[in-house]
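Have a look at the structure below, then the notes.
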Amino acid sequence: QRVGAAPHDAPPSNAAVWAMDVAAAAAVLRAHVSVSRVAAAACKRLANLCIEEQNRQLATEAGAIEAIVAAMQAHPQGGGG
C-alpha cells in the first residue's frame with residue numbers, strides 16, 4: 001500500500017513550470033497552490049507569458065487570475081521576490 005502522494009501528483013520543478021504554456025501554468029498553480037515554490041514559479045511564468053497580449057485572454061480563460069489570487073491568499077508572506 002502506497003503512503004503519500006503518487007509521483008504523478010508531485011509538484012513540478014521550477015524548470016518544468018518555466019517550460020509551460022498559459023493553460024498548464026494556471027493548472028499547476030491551482031493544483032499546487034499550497035507549495036510556495038511552485039506558486040511563485042507559476043506566477044512568474046504567467047506574468048512572463050502575459051507580456052504578450054495574445055496570452056492575456058488565454059490566461060483569463062484558463063482561470064489564471066483566480067489561481068493567482070488564491071496563491072496570494074495562501075502565501076501572504078510571499079513578497080514577490
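We're numbering straight along the sequence, starting at 1.
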For [Y], does its backbone N or O pair with a side-chain atom of [X] as donor and acceptor, under 3.5 Å?
{"X": "R45", "Y": "A25", "result": "no"}
{"X": "H32", "Y": "A27", "result": "no"}
{"X": "N55", "Y": "L49", "result": "yes"}

Are M72 and I65 co-members of a hydrophobic cluster defined by side-chain heavy atoms under 4.5 Å apart? no

Are V33 and I68 connected in the hydrophobic side-chain network, where two residues link if heavy atoms are under 4.5 Å apart? no

Rounded to the nearest 0.5 Å, what's the gap from CG on D21 to CG on L46? Could you check? 9.5 Å

Can you name the nearest heavy-atom pair linking [X] to [Y], along with the distance?
{"X": "R37", "Y": "P11", "result": "NH2-CB, 3.8 Å"}
{"X": "A62", "Y": "A26", "result": "O-CB, 3.8 Å"}
{"X": "P12", "Y": "V38", "result": "O-CG2, 3.9 Å"}
{"X": "Q73", "Y": "P76", "result": "O-CD, 3.4 Å"}
{"X": "L58", "Y": "V22", "result": "C-CG1, 3.7 Å"}
{"X": "N14", "Y": "A41", "result": "OD1-CB, 3.7 Å"}

Answer yes or no: are there more than 12 heavy-atom neighbours, outside Q54 itself, under 6.0 Å from its atom CD? yes

